[in-house]
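Structure record follows, encoded as structure tokens.
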Amino acid sequence: MGKLRVAVIGAGTIAKVAHLPNYRSHPDVELAAVADLDADRARHLAEEFGVKAVYTDVQTMLEAEQLDAVSICTPNRTHAALVRTALAHGVDVLVEKPLCTDVGDARRLVEAAQRGGRICMVGMTHRFRSDVQAIKRFIDAGDLGRLYYVRAHILRQRGTPAGWFTDKSKSGGGCLMDIGVHALDLAWWLVGMPDLLSASGQLVAGIGRYQTLTASRWQSSDPDNRDNQVFDVEDFATAYLRFAGGLVLQLEVSWAVNGPQDDALKVDVFGEAGGITLDPPVFYTEHNRVLTESKLSVESNHFYQDEIYHFVECIQQRRQPLCTFDQGAKVVQMLLAIAQSAATGREVRLGSPASQASSENGGGK
Ligand SMILES: NC(=O)c1ccc[n+]([C@@H]2O[C@H](COP(=O)([O-])OP(=O)(O)OC[C@H]3O[C@@H](n4cnc5c(N)ncnc54)[C@H](O)[C@@H]3O)[C@@H](O)[C@H]2O)c1
């Protein structure tokens, strides 16, 4: 088998730090092209990573290049259309999180992926962390017994990203869509991806437009909205989700909060036989009627590299990736159920018409 010809769509920050360097370092991949609406940004990154072909139109690129796969690294609201275009050209797809920002789109993307028999993955980066993989082993081995509660939070003191992220027409939502998607996905995946029964949520436009001097933040490569002039999304979100089997998930997310800073994403899982925390990774149980706390010894890994290499391996072996479109679609449904609940002030029950929330009608602020 020759090298896989891969293109990166969207020559922005995540393409530069995660996708391009790790495709470049993979011995079985040829970085064939970069596409971005902004020709200068595309050219600049293509030069940096030794990519010959540069396009400003994705359709033209897909027609001109014999590609095996693409990474889609563009703002959230563009994901659905770009995935559709890529699948129509018969290539495998890795799309950045979230899969998309609308429940109907999510369903159609799952169907399109299945119809085309393509390898389709959502970039749920945290699933590839070695500490996450370690705690997942305890949960999957049954060491926690019956699980009944999981909580996930990522509370940034001052970490509103600069750029399109605060513009709902481009992001589909605020901190919930941006970093809440990581926390929710990780907690849900760790506990075995149960079916959602209901969601209650609150989204708050609080202090995210701060003028604090110190804060560092994720920066879009696109100068548009760099000063967050358009800011029509939440900067704090909390939710309470009930799942089949009785498990409950509690979520807290902020871009800005007057409280302690979570340096990283925190997930705690509680079961009848044991409990486990992600940060720090500790297993809690009772042994000989004595409470014990066991610290897990885990070496950190290059999780972006592991994510990209996993996608490549799935293409080569034609096997389902760790984060499928189907799972990505369920996470989008959960995010939008939370937004719908926040907008209406009521619990959203799945299976009811209200559960068909979309980003167009569900983004309470
Ligand atoms: N997995 C992670 O840990 C992680 C971290 C940060 C961002 N992300 C995700 O990555 C995606 C991109 O984020 P970013 O911070 O790199 O954004 P960015 O603004 O830095 O880059 C996006 C690029 O996409 C280009 N673009 C927009 N529409 C396009 C189109 N239709 N065709 C081609 N190019 C187009 C823009 O010109 C821009 O250069 C988002 O979905 C974000 O949620 C993931």
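Each ligand, and each atom within it, is numbered from 1 in the order the structure gives. All heavy atoms count here, side chains included; hydrogens, waters and symmetry mates do not. Counting begins at 1 with the first residue of the sequence.
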**Study point:** H310 NE2: over 12 foreign heavy atoms closer than 6.0 Å
**Key:** yes
Check your understanding: Does ligand 1 have any atom that is closer than 4.0 Å to a heavy atom of H126?
Key -> no
Check your understanding: Is the closest heavy atom of H182 to ligand 1 under 4.0 Å?
Key -> yes
Review point. With backbone taken as N, CA, C and O and side chain as the heavy atoms from C-beta onward, which portion of M124 lies under 4.0 Å from ligand 1: side chain, backbone, both, or neither?
Key: neither
Exercise for review: Please work out whether any backbone atom (N, CA, C, O) or any side-chain heavy atom from C-beta onward of T74 is under 4.0 Å from ligand 1, and answer side chain, backbone, both or neither.
Suggested key: both
Review point. At a 4.0 Å threshold, what atoms of ligand 1 neighbour a non-hydrogen atom of Y304?
Key: 2 (C), 3 (O)
Practice item. Pick, from D38, D36, D224, T125, the option with the minimum heavy-atom distance to atom 1 (N) of ligand 1. Key: T125
Review point. Charged N to carboxylate O below 4.0 Å: is that the case for R349 and E347?
Key: yes
**Study point:** C73 heavy atom under 4.0 Å from ligand 1
**Key:** yes
Review point. What closest approach, in Å, do Y309 and N22 show between heavy atoms, and which atom pair accounts for it?
Key: CE1-O, 3.2 Å
Point to revise | Verdict with supporting geometry, Q250 and Y149, side-chain hydrogen bond (donor to acceptor under 3.5 Å, both in side chains) | key: CA-CA 8 Å; Q250 188 165 338; Y149 187 58; 2.7 Å; yes
Exercise for review: Pick whichever of W164, Y55, F303 has a heavy atom sitting closest to atom 17 (O) of ligand 1.
Suggested key: W164
Revision key, fill the gap. A student comparing V122, D40, N76 should find that the heavy atom closest to atom 41 (O) of ligand 1 comes from N76
